[in-house]
Structure formats: structure tokens, C-alpha cells
Amino acid sequence: MKPTKSRRASQTDLKMKSNSSFRLSILFFVIFILFSLLIFRLGYLQIVKGEDFVRAIERREEVPVNTSVPRGRMFDSEGRLLVDNDPVNAITYTAMRSADREEMLETASRLAALIDQPADRVTKRDKQDFYILLYPEKAAGLVTEEQRTAILEGGGTQQEKQQQLDSLVREQLTDEVLAQLTQDQLEVLAIYREMTSGYALSPQIIKSDGLTEEEFARVSERLSELPGVNTVTDWRRKKMTDLTILGSTTTPAEGIPANKLDYFLARGYSRNDRVGTSFLEEQYESVLQGQKTVVKKVTDSKGRISDTITVKEGKAGQDLVLSLDSELQKKLETIVTDKLIELKKGPHSELLKDAYLVMMDPKTGEVLSLVGKRVGEGDNGQPVVYDHAFGTFTAAYEMGSAVKGATLLTGYAHDVVDVGEVIIDEPMKLKSTPVMNSVFNKEMGTRIPLTDKEAIARSSNVYMSKIALRLAGEEYVYNSGIRIEPEDFRKIRNSFAQFGLGVETGIDLPGEADGLASADPQGGSIMYQAIGQLDTYTPLQLAQYISTIANGGYRMEPHIVKEIRSPSLDGETLGPIETVIQPEVLNRIDNTQEEIQQVKEGMRMAYTSPQGTAARYFADAPYTAAGKTGTAQVIYYDDPESPFYQEESLTLTHVGFAPYENPEIAYAVVIPYITTDLEYVIGANSQIARAAADTYFKLKAERDGGDDLTIKPPYRPEEAAE
Amino acid sequence: MQSNKNFAERVDWPLAFLLFLFMAVSLIAIASAQTTEQYVRNFVPYQAAWYVIGAGIITGVMMINSSLYKRAAYLLYGAGILLLVALMLAPNGPGQIAEPVNGAQAWFRTPIANLQPAELMKTVYILGLARMITGHHGTHLIPSIRSDAALLGKILAMMALPLFLILQQPDLGTALVFIAITAGIIVVSGISWRLILPIFGGIAAFGALLLWMAIHMQDFLSDRLGLKPYMFARVYTWLNPYAYAENEGYNLVAAMKAIGSGELFGKGFMDREVYVPENHTDFIFTVIAEEFGFIGASLVIILFFMLIYRLTRIAIEMKDLFSMYVCTGIIAMITFHVFQNIGMTIQLVPITGIPLPFISYGGSSLMGNMLAIGIVFGLRFHQKRRTGLTSDFSS
């Protein structure tokens, strides 16, 4: 190198050097700023926000745990147990946040030595996973080197490649390979899979069904060697009767139903909680479900639970006291069942399947009995009867003349008929409409003058049809044409709805149906609507309707739960009252007391006057009662496979209340499709109604009255017989 | 070449003392961290051993005549690149030498220890860059905007190669370290501010724009620019970790809880309460901040600052540009590591998996840093005193 250049270079170097030193100082200053930022931010987190974080740690592990607070029990109106909880022992496992597979596997194998665990829930997939976990090398060896390199050199991310490899290994893990797993290993797997199916910090039941006392004791003694394992007392829901409307719950293994997951998780439930899935259990879920114990899990720096402190004590769910009287219910069920079997064994009963009986207190809406029975065929061809109580509010039928009280009251309300007005009953012939006549007067040209009360008592179709025509602004003229507008139908429907016919009754059970309103009714069918052969109603609606008439015009909301009580304090008597369900008036009908009284008198005559439709069954009753029968000629549409599809059949109904002066009960009986022989006259509806009312008054006489809060065992018919 | 000064005087004792303090902090923090028992191994003796080996590396590197570094710089750079390429091509099946760890193919797995070529690459990259810039200045005696631009181009080209290879692994954290080193050296390399300021400003503005778009214009970024959802997730987790506290945000939330709850004085040695995963490596700062509070944590930051200060002093005292650039690169590297690692635990920057130098457990990282510091020791050890600023290395 030339000296001149070297000198110049060294001068430049010098200049560069001082420039660089200056820039280094700037860099150092920037670093100073960065480090200051770190310290400022640190100071903010540790000094300004420090206390918040300390509190956050304290709050952090406060978690509700499944300490199995018992679900609320259900009692009938007399304090008899309907749904109870059976205590059962269980072994649980709580996964730590830091738990690893080896540790869990170790615990599982220790546990396997202490208990027998059936492997029936173990799936093939579980076995494959377990095999890979136990023999990672063997499993990896199942994939050939070529396959492996093919996948590794193929496309996709690392994760995708790993998935491809895994699925290839799984393909090779056939049942033959998996058969290498010994019985002991399968037992460990059966425990291990339960352990891993839980959520962190939430106890998971390992074994509960079939857990013996010895196993429970063995595990209890060795809890210290089994991290995360605990022995607890769990419980199981136990129904004392087969009454369907009590509803059902899920088991912990089923957990929260998938379609309501968000709903329940948002309300603090865990995924493995029992929840009510139908009827009362579902409707009163929030009441029956207890409050979980909230514990603070003190986790140490290893992420392990070192201690648990109870922050809030759990509370058992509240009990439900139903208005249902299980003795009455049972006896009425027997009446309906016996009648149903008797009818089914008789002729023309091909379509007969169900029978319903609803009894309620017309003044409060309390449901005293809700009977629904369905007859099916047993193994030996004999009829077998199932509980179908929910049909009383989910199934709708054409109810026939039972609704005539509502028709007459609608006529009064619209001023088309006066109280006591006489109308001629005669077979009616209108253009392009079949002849309409009353059952007692089928001869064309026979004219029988009837008062409104007689029309009810004798069940005059013509009286009611003429009211319907007047509601549409028409008057009956032989063989004339009529003009009926859709709002004429609506007028009747709106009025019927005030009685609860064709609308939801508001009962405290889910899934209620509101009946079917004929979609496109034509002219003459307005007369059929007036006699209950057009729109359909549920048996419970029928009961609400007769209650409304019985109590003087108030539509009461039916309810099956009477009281909500805290859990029993001593186990002997019912707990303190939390809530009393108050009677709720949904609406008042548009009629005067005089008008309502007129209908009630008509219904009384139906029971007592010689021409009354139910006089045969009620004339000799030792109590005063009133009611109305109904016979609907219906076309069977339920089952297109049936040979009777679109054939005519009869549905028998009966509504009534007693005592006449001061009603305590209102009842409705419905027997759909009772016979396919239209001329076959049977009084099964009225027989059931009479027997039901008799049973009620007999029971009432036996009881000394007085409010007894003692918890009683479930009602058993044989005990009562003693 | 050998100075007349005796051995003891030529060793930078303040720097050695700082390293000793770091070792103490590291061993204490790891001893406490492993009580988490996330791993069964006792890391303290291993880390102590790594420090002993590190001391050996420093001594060894220091003894090599520092002119050698400059001469061998390109060779070393080339060797580093070859290692990275070899890593990329190495068999990466399960149990094989380059099996990916946590999804990144960044390690050679050997029975003794896992080696991360990128750690070595950082230091040799600094050497190569310093050599190249010195050489450039040697031929362009009067710098102009044009020559500066050419220099910038050469620097970026030198960075591109390792950056590309490391992003293939993929290891974003280490890639960012390379960018930080380059930025530091560019500032000191004498390139005109008229070039540096617009470029740095432009990059900063672009970064800010990307961040803004990630929040307000995700569709555009993912549909037009092909960004992946996990990239957005990282930004959102950073900005609002509590919304993702159960999954992606778990580490950050746990780290902040640990640090914040340490308050002013800390909870005391081994009295931690919060479980933070990987707290013996990337999250070791949470252990220090929780157990020793703001005071202890600040002292560690100040310790790092003193290290940077010492390195800056040494750099300024260096009599040749090559040594100065090397020191600058090392300063930038350590600064970025410290700022990124501590910053990510206190929500100052998004989480990236890079260790805290000298403190986190890990052989590769410590060896890489020790090698870098060893070079500083060596540069200082062989520095000629009281001689003119002759470019004795260039002849």
C-alpha cells in the first residue's frame, strides 16, 4: 500500500472514528430511552397496578365446583314425596392445570389396582391413543420409512404433516394390534379416559355406578397416594311415580344438552351438570338446581392446588310442592286406565288410543290431577297402558258439544240471543251445506221450541248453529244461501279464546300446544264451529274453559306447582316457604253474571233434568254438580297407514264442575276416537267424569283437613287398601 | 502485535465482574424457577456448567489474536451460512438430528446438548458486516450519498441471506435480532443521516400502518396480502390479552399477574404464587420480578444497562473502525434481546420466543452471548495502546 494513501486513509479513518463515536453516543442514548421505558412500564405494573394484580390472584381461582348439592325435591299437595335424591358414592378426579400425561397415567394405574373399572365405554380411538402413549416407538414403527419421508417431503405445514403421520399410524393400529393390550391395561385405560374427559379444576366422576363399599373404603384410605382423586357422596334422581309430567334430568355423563350449552354456561353451570330436560324438571330448573359451593383453590407456584377455601357455601335446590294430589291422581289414573282397557277390549275400538282427565280448582287454577293414558299392545297382545299425562296440554282434538257453553255466552255477548230466548230446533237445510240437526231431532220438519237452558241440557246443535248464523248477520231460511266472511269465524274464535279455547292456557309446563284453527273455513262450517267440530283444543283448555264458567267468568291460569319451599330443615317436615304461587286471572269474559248463571243452570239441567244428556250418570250424585257432554264426529287423520284413515269416528268429551253452588273442582274428560261405529252410544266420558267427582268428594270426606307439613312417603295404592 | 502491558491489565475486569453478577442472578432465578417442576431436570448445575464452559470460551477467544477475527470474518460468515443451510436440509423426522422443537427447525439435536446455529450466526454475522463496512470505507475514502447507498445495499444483501434462512425455520424472534444488529451497525457505520432518517422513518411508519391495518383492515391484509390469522391473533393477544386469557393470551396474562403482584419489594425468594410456563427460559424475568419486586427487577435492568454502558465505553475507546462496528453489533444484539424479552412480559411488545441474555437457562444462547463477549474481551486485550490510529489490520 502506498504511504500517501495510507496517510489519507488514516486521516479519513480518524474522521470516521470521531463521527462513529458521536453516533455510538446517540445509539447509547436511544438504548437509555428504551431501558427507561422498561423501568417505567415495570413501575406502572408493579407499583401503580400492583394491588390490582394481587387482588386478581386472590380472586383468580375462585371457582364454583361440583360439590353435588342435591337438586330440589318434589312433593304432592299432601307432602308426599314424588321425586327424591338417592345418595350414591363416587370416586372423582380433579385435573390440575399442570397435570401431565405420565402423572395421570400413574394415578390411573394405582387406582386400577384398587377398583374394578368396566371397559365398556372405551372406544377404539381411545385404545389407539393409549397404545401410542404406551408404546411410542412401536407405534412409530408401524409406518414405513418410505411413507414417512413421503409425508415429510410433501406439502403442508408441520402440523398438517404430523396429522397425516398420526392418521397413518392409526390406520395401522387395527383391532389385532390393539388386542395386545392386556385386561389390566384396558382397565387403566378405562380409568384414564374418564380422568382426561374432565375439565381442569373441575371434579370428574370416575366411578359411581357399581362402586362397592369396599372399593370406596380402599380408595378413601389411600387418597394421599392418589393426587387429584377424591371420594365423595353424589346422588341420583329418583322418581317415585311414572307420571311423565314430572320430567327428567340429564346424568352427569350426559351433562348439559348441546343445544342449550351457551344458555347454561352463561348461567354458571359446568358442562357435566345435571339439568332438567323436560316438563317440571325443565320448567323449574332454576329453582330445583342448587347453588354450587364456590371455593377458592389456592394454587401454588407449580399450578397445583395446595388448599381449598370455601368462599360461599353451596345450597341445595329448593323443593317444589305441587297442587297435584298423588292419591287422587293415582285413583283417577286407575279409573281412566280401567275404562281405557275396557273400551279397547270392546268392539269398534280400532282407533282408540288415548284418554284424558283434567281436574282443577276453578277458583285458583291449581291443577289437582292431570291424567293422560295411552294404550298400546303388549308382548302377549294384551293392551298395555302407558302414562301420557303430557298429552293433556300437547294434544288437541275437536271437542264437540262440550263447548256449547262458550257458544251461548258468545251469542249473549254479541247481543244476538237474549237470556231465556226460545229458538226452534229443526233440521236445517242450507244451500250447498249438509243438513244440520240435533241428535234428538233428526226428522225433517219437526220443530221443537227450546229455551237456552234446554238447548244446553239437551245439547241442541240447531240452537247453537242458529246463534252462529246470527253472529254472521244471517237468519236461517230453508234452503237459502248464506254469506259468511272470515271475520265471522274470527268473531267466534276471539270469544272462545277468552275461555282459553284455542290459546295457550299458561300452565307452568313447557311445550304447551294451542290447538289448531281450521285454516280456510268455508260458509256452512261456521255452524260446526259453534258445536265444537271445526277447531281443535287441548283437554287442559277444556278444563280452563269449564273453570271459567264455574267461577263466574274468570279465566284462571292453571298451575301445577303450588309452593316453592327451602329444603327441609329436619327431614321430617317441609322446609320454610319461599314462594307461594298466587292465583292468576288471565282475563274476564264479556258476560254478565246473569248470562253466566243461565249457562250454569243449563249445565245443571244436563245433569238433573230427565232429558239432560248426562242425567243417566249424575242424577243420583250425592253432591250437586253441573256439566256438559260432547260428541264430535271426526274424520281420522292421525295415521295415514291406518285402514281407518279419513274414516269417521267419534270423540267423546265431558266438562263439569262441582259443587254447583260453590265449585271446588272443574273437570274435563276427553276420549278421542273412542269408536268407529257412529250409532254406538256409550257414556264412557260421563262415567269417567262421575267416578272422578265421586273420588274427589270421597277423599275429601276422609281427610280431616288442616295443614299438615309432615313429609310423607310416596302414595302406594296397596297401603291405602289396609 | 502483543502489547507490552501485562496480562492482568489488558483484561477488562469491570466487564468480567458484570458477567459474574449475571451468573449469580441467573443461578438464583433458575433455582427458584425450577421449583415449578414443569421439568424434572435440575437446571442449576447445568447452567453453572455452561457458565464455566462460557468462561473457557471467553478465555480462548480472548487469546486469539484479534486481527484473526477480521481476516477470518468472511470465512466465518460463510461457515455460519453453511451451518444454517445444513440445518435446513438435515433429516427432520422424529428422533433425527434436526427434529423440529415447538414447530421450528432451529436446532441440531445431539445427545449432549441442542445446538442452535443461529446463535453462532449472530456473532459471525456481526464480524462479517464489520469487515465489509471497514473494507468499504477503505476504498471509498470520501463518502458520498452514492457510495453510502452502495454500502447500504451491500449491508442489506449481507443481512438478507441469514434472515431468509432463519425465517424458513421459522424463528421470527431471531430474525428480528438480525434486523436490530443491522440497524445498530448502520447508524454507526457513518452512512449519511440523509439516507438513514428517511429509511428508518419509512420503516417505522410502515410498521405503524401494518399495525393499524391489522386492527381496522383485517380483510384487506388477509385477502390481498395473504397474512395468516395467527399473525393477527398475536397482535390482538398483545393488545388485549384478557380477551384471550384462556388460550393465546394465557402466557402474557400469567406473566403480568406474576410481575404486577410482585409489587415494590417482591414476595421473597421461592415464594412465588403465579404459575408461568417456561419460566426458567423465556419467562425468567417474571420470576425475578415476582420474587424481588420492582426493586430487584429494576436492578437487573440496570445491570444490563451497565453492561451496555461498559460495552459502549469499550467501543468508543477502540482505535479502529472494525472493532467499533463489532462492539456496536454486539451492543445492538444484547439490547434487542433484553428489550424484547423483558418488554414482552410487561406487554410493551408482542410475545416472541427469545431468551434473556446471560440469565435464561440455555446452552446455545449463553454460548452465543459468551462468544460475542469473548470477542469484545479479545478486541480489548489485543488493542494497541498509545500507538497512532494506524489501520494495522488492513495491511
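These values consider heavy atoms only, across backbone and side chains, with no hydrogens, waters or symmetry-generated copies. Treat the numbers as computed from the prediction; the structure is a model and nothing was measured. Order of the sequence lines fixes the chain letters, A, B, ..., with proteins taken first and strands second; residue numbering starts at 1 for each chain.
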Region of [X] in contact with chain A, defined by heavy-atom distances below 4.5 Å:
| X | answer |
| --- | --- |
| B/F285 | side chain |
| B/A258 | neither |
| B/F304 | both |

Is A/L27 in contact with chain B via its backbone, its side chain, both, or neither, using a 4.5 Å heavy-atom distance? side chain
At a heavy-atom separation under 4.5 Å, does A/Y44 approach chain B through its side chain, its backbone, both, or neither? neither
Indicate yes or no: at least one non-hydrogen side-chain atom of [X] is less than 4.5 angstrom from one of [Y].
| X | Y | result |
| --- | --- | --- |
| B/M324 | A/L24 | yes |
| B/V338 | A/F35 | yes |
| B/V274 | B/E290 | yes |
| B/P143 | B/H137 | no |
| A/T107 | A/M195 | yes |

Heavy-atom donor-acceptor pair, [X] side chain to [Y] backbone, under 3.5 Å:
| X | Y | value |
| --- | --- | --- |
| A/E225 | A/R222 | no |
| B/Q105 | B/P170 | no |
| B/H337 | B/M333 | no |
| A/Q46 | B/F294 | yes |

Option that, when pairs with chain A are counted at under 4.5 Å, heavy atom only, ranks first among [options]:
| options | result |
| --- | --- |
| B/T312, B/L264, B/I302 | B/T312 |
| B/G262, B/A289, B/G343, B/C327 | B/A289 |
| B/G293, B/A332, B/G260 | B/G260 |

For chain B, the option from A/V48, A/L34, A/L37, A/L38 that forms the most heavy-atom pairs under 4.5 Å: A/L38
I need the residue from A/N19, A/V30, A/I47 with the largest number of non-hydrogen atom pairs under 4.5 Å to chain B. A/I47
Would A/K127 pass as a cation-pi partner of A/F130, given that its NZ or CZ must be under 6.0 Å from the six-membered ring centre and within 45 degrees of the axis?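 Judged by the rule (NZ or CZ under 6.0 Å from the ring centre, within 45° of its axis), A/K127 is not positioned above A/F130.
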Quick one: list whatever passes ring-ring contact (aromatic ring centres under 6.0 Å, His included) with A/F22, sequence neighbours left out. none
Tell me the residues of residues 180-187 of chain B whose non-hydrogen atoms fall below 4.5 Å from those of chain A, in number order. B/G184, B/I186, B/V187
